[in-house]
**Q** 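Have a look at this one.
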Amino acid sequence: MKRAFYVTTPIYYISGNPHIGHAYTTVVADVLARTARTSGPAYFLTGTDEHGQKVANAAAAAGTTPQEWCDELVPRWQKLFATYHVRYDDFIRTTEPRHESVVQRVFERLRENGDVYLGKYEGWYCVNDETFWLEAKLVDAKCPTCGREVQWISEDDWFFRLSNYRDRLLQYYREHPEWVRPKSVYNEMMALLEEGLEDFSISRTNFDWGIPIPGGGGVIYVWFDALLNYISAIGWSSDPERFAAYWPASVQLIGKEIARFHTLIWPAVLWALGEQAPELVFAHGWITVDGQKMGKSLGNAVDPFALAERFGADSLRYFLLREAPFGSDFSYSEAKIAQRHNSDLGNDLGNLVRRSLSMLLKYRDGVVPPGDAVASEVGAAVAALPQRVRTLILSLDFRSALEAVWELVVALNRRIDDQKPWVLHREERDTELDALLYDLCEGIRWLAMLLHPVMPERTAEMWRQLGATALIDADWDAALQWGGLPSGTRVTLGDALFPRIELDAAGS
Ligand code: ME8
C-alpha cells in the first residue's frame with residue numbers, strides 16, 4: 001500500500017460551543033488533505049476530546065451526565081465542519097471503545113516496560129487547560145496560560161518517565177530542525193528541553209470521568225488519553241497493516257498553546273511504544289481579538305455559523321489562509337473578511353468568470369470554440385503552476401500558494417483588457433477571438449481545480465457554470481494540461497460567485 005499523506009487536527013474539548021478558531025485548524029487540515037489527494041492517497045483525522053474535569057464540570061453545570069453532554073455536543077462540531085465544507089476521513093471521539101481499548105493497552109504496555117510507574121504527585125493543576133504547573137511557572141499564583149486559579153493536588157499517581165527521553169529528544173531536535181515549525185516554537189521547545197524535563201503524572205483519582213486504569217486506581221489523565229487518538233484511529237496494535245500505511249503522520253496541526261504536549265511528551269510516548277515521531281508538528285498562531293486569543297474562556301469567541309451565513313464558508317476559508325502567513329497570530333475583523341471577499345474574490349476572480357462567460361454567450365452562443373493550446377502564451381506560462389501550488393501548500397505556505405494562483409487570475413484579466421474581445425468581434429478577427437475565449441475558459445477550468453482545495457463549494461459552482469464534466473478533484477498532473485477543456489463545451493452563466501458585501505454593513 002502506498003503510504004498516505006496523514007494529517008491530523010487537535011481533538012477539541014467539547015466543554016462549550018465551537019468557535020472560529022476550531023474551524024481554522026480543521027479547514028487548514030482539509031486544504032492539506034485535498035491538495036495531497038491531487039497526487040496520491042491522503043487521510044485526514046479530526047475529532048473530540050471528551051474526558052477530563054473540564055468536560056465533566058461543563059456537564060455538571062448543565063445538570064447532565066458527561067456522556068449525555070458529549071453525545072449532545074458532538075453533532076455541533078460535526079455540523080461546524082460540514083458548514084465549512086470540511087471532508088474528513090475519520091472523526092474520532094475519545095469515548096469510543098476503539099479508542100479506550102488502545103489507551104488501556106498503551107498504559108499496560110508502558111507499565112510492563114517500566115516507562116510508567118507509581119509515585120506521589122503533589123502540585124498545582126489548572127482545570128481549564130487540564131495542565132499541571134510547576135510553582136515557578138505560575139504567574140501571580142495563577143495559570144500562566146489562561147490566568148485562572150490553579151488547585152493544589154496531592155495524590156498517589158502513575159507517572160510517565162519523560163525524564164528518560166530528554167537526551168533522545170535533544171538529539172532528535174538537533175538532527176531534525178524542521179520537525180517542529182514555525183521556528184519560534186521549535187526554539188521555545190528547545191529551551192524547555194535544555195532546562196530539563198520532569199516525569200509527569202498520567203492518572204487522576206479525584207474524579208472519575210476518564211478511561212479507567214487497567215487493574216483499578218483511578219482514571220487516565222486526559223492529555224495522555226487524548227494524544228493517543230492519533231494512533232488509535234488508524235489501528236495501532238489492532239491493524240498493523242493499516243497503521244503502517246499512515247504512521248508516522250505527515251503533518252500534525254495544532255495551536256501553539258499545546259505545543260509542549262505534542263512536541264515533548266508525544267514523541268517520547270511514541271518512542272516508549274517503539275513507534276516513530278510524526279514527520280512534522282506545525283503549531284500555528286492564534287486568531288486574536290483586540291490582541292487577545294479568541295476563545296471560549298475569554299468570552300470573545302465568534303460564532304462560526306453566523307459568520308459562514310454572512311460571508312459564505314468558502315470566502316472565510318480563503319480569508320483564513322490568505323490573510324496572514326501561516327504560523328503567525330492574526331487579528332480578526334469582519335471588515336478584513338469583507339475586504340478580501342470583495343476585492344480578491346469578487347473583483348478579481350468572480351468578475352473574471354462573469355466577464356468571460358458573458359462574452360462567450362454573447363459572441364459564441366455559449367459554446368467553447370476550438371483554441372490553440374500549443375500557441376497559447378498563458379498555457380505556456382502556467383505549465384509549472386500546479387506543481388508550484390502543490391509544493392507551497394504542502395509546505396504550509398498557503399499565502400504564497402494563493403498569490404501564485406492569483407498570477408493566473410491577473411494574467412487572464414489582463415488579456416481581456418489588452419486584447420479587447422469586443423474589438424476583435426467588431427473587426428471580425430474570428431481566429432484571434434476564438435483563441436482568446438478558449439484560453440479564458442481553459443484558464444477558469446485551471447483556477448477551479450487549483451482553488452478547489454481552498455474553496456470546494458464555490459469552485460464546484462464555477463465548474464458547473466463552465467459546463468465541465470470531468471472530475472474537479474482529479475489528479476492535477478493528468479488533468480492540468482493546457483487544452484484539456486473540450487471545445488464544444490456549453491457554458492451557463494449563474495448567479496455572481498461572490499456577491500458584494502457592503503463594508504458598512506460588515507462592521508467596518
Ligand atoms: O486543546 N486561534 O482542545 P481545545 C487559532 N483538547 N486556533 C484556535 C483558537 C484561536 N483563537 N482557539 C482554538 C485542546 N484554536 C485539547 C487538544 S489534542 C490531542 C487535545 C484551535 O478545544 C487550535 O488548533 O482547547 C487549538 O490548538 C485548538 O483549537 C484547541 O482546542
Side-chain angles (χ1 to χ4, degrees), residues 27 30-31 34-35 38 84-85 308 310-323 336-361 368 378-379 381-382 385-386 388-390 392-393 398-419 421 436-468 472-473 476 479-480 482 484-485 489 491-503 506:
V27 160
D30 187 49
V31 172
R34 287 177 186 268
T35 305
T38 67
Y84 278 82
H85 310 136
R310 180 164 199 177
F311 296 99
D314 275 0
S315 290
L316 281 159
R317 289 173 65 111
Y318 175 81
F319 168 80
L320 292 171
L321 294 176
R322 176 65 185 77
E323 188 62 15
K336 286 188 190 173
I337 304 172
Q339 163 74 21
R340 286 273 169 216
H341 171 93
N342 288 337
S343 142
D344 303 10
L345 298 177
N347 293 349
D348 298 349
L349 179 62
N351 274 348
L352 169 69
V353 174
R354 203 162 185 78
R355 289 209 284 173
S356 304
L357 299 189
S358 314
M359 288 188 297
L360 190 69
L361 281 159
V368 176
V378 199
V382 296
L385 186 63
R388 193 168 138 222
V389 171
R390 183 161 52 215
L392 285 166
I393 290 185
F398 305 105
R399 193 184 216 194
S400 304
L402 288 168
E403 281 169 354
V405 176
W406 248 250
E407 287 169 19
L408 177 56
V409 175
V410 170
L412 293 172
N413 273 323
R414 188 172 307 132
R415 270 201 76 187
I416 300 181
D417 297 341
D418 290 351
Q419 288 197 268
L436 172 61
L437 291 173
Y438 183 85
D439 274 359
L440 291 173
C441 294
E442 174 64 348
I444 291 169
R445 185 180 75 92
W446 277 51
L447 290 170
M449 286 193 81
L450 291 171
L451 291 171
H452 185 66
V454 175
M455 295 185 282
E457 190 273 330
R458 290 289 76 193
T459 51
E461 174 59 15
M462 277 168 74
W463 205 247
R464 196 191 64 76
Q465 294 191 11
L466 190 61
I472 192 172
D473 54 1
W476 281 0
L480 290 180
W482 201 263
L485 182 68
T489 301
V491 309
T492 41
L493 196 58
D495 291 340
L497 288 165
F498 303 98
R500 193 172 172 79
I501 291 166
E502 287 314 321
L503 277 175

**Q** Begin with the C-alpha distance, continue with both residues' side-chain angles, and end with the deciding distance and a verdict on side-chain hydrogen bond (donor to acceptor under 3.5 Å, both in side chains) for His85 and Asp314.
**A** CA-CA 8 Å; His85 310 136; Asp314 275 0; 2.9 Å; yes
**Q** Answer yes or no: is there a side-chain heavy-atom contact under 4.5 Å between Leu447 and Leu412?
**A** yes
**Q** Is there a side-chain contact between Val405 and Val389, using heavy atoms and a 4.5 Å cut-off?
**A** yes
**Q** Is there a side-chain contact between Leu408 and Leu385 (heavy atoms, below 4.5 Å)?
**A** yes
**Q** On the 0 to 90° scale, with breaks at 30° and 60°, tag the Trp446-Trp482 ring pair as parallel, tilted or perpendicular.
**A** tilted
**Q** Between Gln465 and Val491 (side chain of the first, backbone of the second, donor and acceptor by atom type, cut-off under 3.5 Å), is there such a pair?
**A** no
**Q** For the residue pair Phe311 and Ile501, what are the closest heavy atoms and their distance?
**A** CD2-CD1, 3.5 Å
**Q** Just wondering, do Leu440 and Met359 contact through their side chains at under 4.5 Å, heavy atoms?
**A** yes
**Q** Between the main-chain N or O of Gly346 and the side-chain N or O of Arg500, is there a donor-acceptor pair closer than 3.5 Å?
**A** no
**Q** Any donor-acceptor pair under 3.5 Å linking the side chain of Asn413 with the backbone of Asp348?
**A** yes
**Q** For Arg322 and Arg340, indicate whether the former's side chain and the latter's backbone hold a donor-acceptor pair under 3.5 Å.
**A** no
**Q** Which residue pairs pass the side-chain hydrogen bond (donor to acceptor under 3.5 Å, both in side chains) test with at least one member in residues 448-458, sequence neighbours excluded?
**A** His452-Thr459
**Q** Does Asp495 CG have over 12 foreign heavy atoms under 6.0 Å away?
**A** no
